[in-house]
Amino acid sequence: MTERVLDRLPYFDERSRAYNIRAVVDPTAVRSYTWACAATLDQHSEGACVGFGWTHEAIARPREWRNLGAGDARSHYREAQKIDPWPGEDYEGTAVLAGAKVAQQRGYIGEYRWAFGTDDALAAISRKGPAVIGVNWYTGMFDTDDTGFIRPTGRVAGGHCILVRGVNVAAQTVLLHNSWGSDWGGTRWGPGTALMTWDDFDRLLREDGECCIPTDRR
């Protein structure tokens, strides 16, 4: 079994508050919607989840850069390390914000904004497109249960960056798209996916979580 390295490093820039997703999305306008993603990449034991999360976002609809792969995700991660707040590159991990800046530099996106609450996040994901989130990852989240859910149980094992590409209003769930390959998880929306309740999603966002949504996809 591949040892999974958790490497999302939390970093909050107060200037990001000027780019609230609520300026462009009504938080009461949440709908059920799932954005397709044509690839399920695998970071293996590399601590490169931010690069993989942003590369999955580029591959997913509504934009679909179909020529991207794991090599692009790894280089995305390395470029993010060069511009993140921590000196040097001799460490594991980087910030979601640094990954967003690299996505902008690479021409995947123009503008990106932040959700500072669960209602905003759900509305943005359902209306604008997938979100890249950075959250605490609990030991109970390394594997899905028999129904495809992961839940924040056990202890915090580290931080992880992952794509959220679906919202279901009736079931009050979000759909996660992980970077641990096709053998991990799996739901009716494809391999490498998992479900999470809105309550658990809300909890993780409140625990120093980040939710970044591109609003201008190139």
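Below, each value reflects all heavy atoms present in this structure, side chains not excepted, and no hydrogens, waters or symmetry copies.
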Distance, nearest 0.5 Å, that separates CD1 of I150 from CD1 of I162: 5.5 Å

Salt bridge flag under 4.0 Å for residues R151 and D145: yes

Distance in Å, E210 CD paired with L205 CG, rounded so as to fall on 0.5 Å steps: 10.0 Å

OG1-CG distance between T28 and L122, expressed to the nearest 0.5 angstrom: 12.0 Å

Aromatic plane relationship, W180 with W137 - under 30° parallel, 30 to 60° tilted, over 60° perpendicular: perpendicular

Expected output: side-chain T139 to main-chain R155 donor-acceptor under 3.5 Å: yes

Taking every non-hydrogen atom, the tightest pair across A157 and F142: CB-CE1, 3.7 Å

Test log, rule side chain to side chain contact (heavy atoms under 4.5 Å, CB included), inputs T147 and L195: CA-CA 8 Å; T147 59; L195 295 168; over 6 Å; no

Hydrophobic cluster membership, L163 vs V96, 4.5 Å side-chain cutoff: yes

Basic-acidic side-chain contact under 4.0 Å: E79, K101: no

Joint cluster assignment, Y77 & V5, ILVMFWY side-chain distance < 4.5 Å: no

Check: T34 side chain, G166 main-chain N or O, donor-acceptor pair, under 3.5 Å: no

Closest heavy-atom pair and its distance - W114, C212: CZ3-CB, 3.6 Å

Transitive ILVMFWY side-chain link I133 to W54, under 4.5 Å: no

Separation of L9 CG from Q81 CD (nearest 0.5 Å): 8.5 Å

Heavy atoms from other residues, nucleotides or ligands near CG of D183 exceed 12 (cutoff 6.0 Å): no

Connected via hydrophobic side-chain network under 4.5 Å: F149 and V164: no

Plane angle bin for Y11 and W86 - parallel if under 30°, tilted between 30 and 60°, otherwise perpendicular: perpendicular

By salt bridge (Lys or Arg N to Asp or Glu O under 4.0 Å) - contacts of R4 (at least two apart): D42

Residues Y112 and E57: side-chain donor-acceptor under 3.5 angstrom: no

Pairwise side-chain contact, M141 with L6, heavy-atom cut-off 4.5 Å (strictly under): no

Atom CZ of R61 with >12 non-hydrogen neighbours under 6.0 angstrom: no

Close side-chain approach of C161 to F52, heavy-atom, < 4.5 Å: no

Under 3.5 Å side-chain donor-acceptor pair for T40 and S182: no

Row check, F116 ring normal vs R17 NZ/CZ: under 6.0 Å, within 45°: yes

Considering all heavy atoms, the nearest L68-A58 contact: CD1-CB, 3.6 Å

Heavy-atom closest pair, residues A124 and V25: N-CG1, 3.9 Å

R217 side chain vs P62 backbone, donor-acceptor pair below 3.5 Å: no

Interatomic spacing from OG1 in T118 to CZ in F201 - rounded to 0.5 Å: 6.5 Å

Reported CD-to-CG distance for the pair Q172 and D200, which is rounded to 0.5 angstrom: 12.0 Å

Option among T173, V174, N178 that satisfies the side-chain contact (heavy atoms from CB on, under 4.5 Å) test with L176: V174

Pairing residues for D216 by the side-chain contact (heavy atoms from CB on, under 4.5 Å) criterion, not counting sequence neighbours: E111, R218

I213 versus P130, closest heavy-atom pair with distance: CG2-O, 4.1 Å

D84 and Y91: side chain donor to acceptor below 3.5 Å: yes

Polar side-chain atom of Y108 near backbone of A100 as donor-acceptor pair, under 3.5 Å: no

Residue pair R63, I109: steps toward the side chain to side chain contact (heavy atoms under 4.5 Å, CB included) verdict: CA-CA 9 Å; R63 181 179 53 247; I109 62 176; 3.5 Å; yes

pair T193-R165: side-chain heavy atoms closer than 4.5 Å: yes

Non-hydrogen atoms of A170 and S32 that approach each other most closely: N-OG, 4.2 Å

S179 and its side chain to side chain donor-acceptor pair (under 3.5 Å) partner, picked from H44, E46, Q43, H56: Q43

Whether over 12 other heavy atoms sit under 6.0 Å from Y19 OH: no

Cluster link V167 to M196, ILVMFWY, side chain under 4.5 Å: yes

I21 vs T215, side chain to side chain contact (heavy atoms under 4.5 Å, CB included): CA-CA, chis, key distance, verdict: CA-CA 8 Å; I21 193 67; T215 53; 3.5 Å; yes

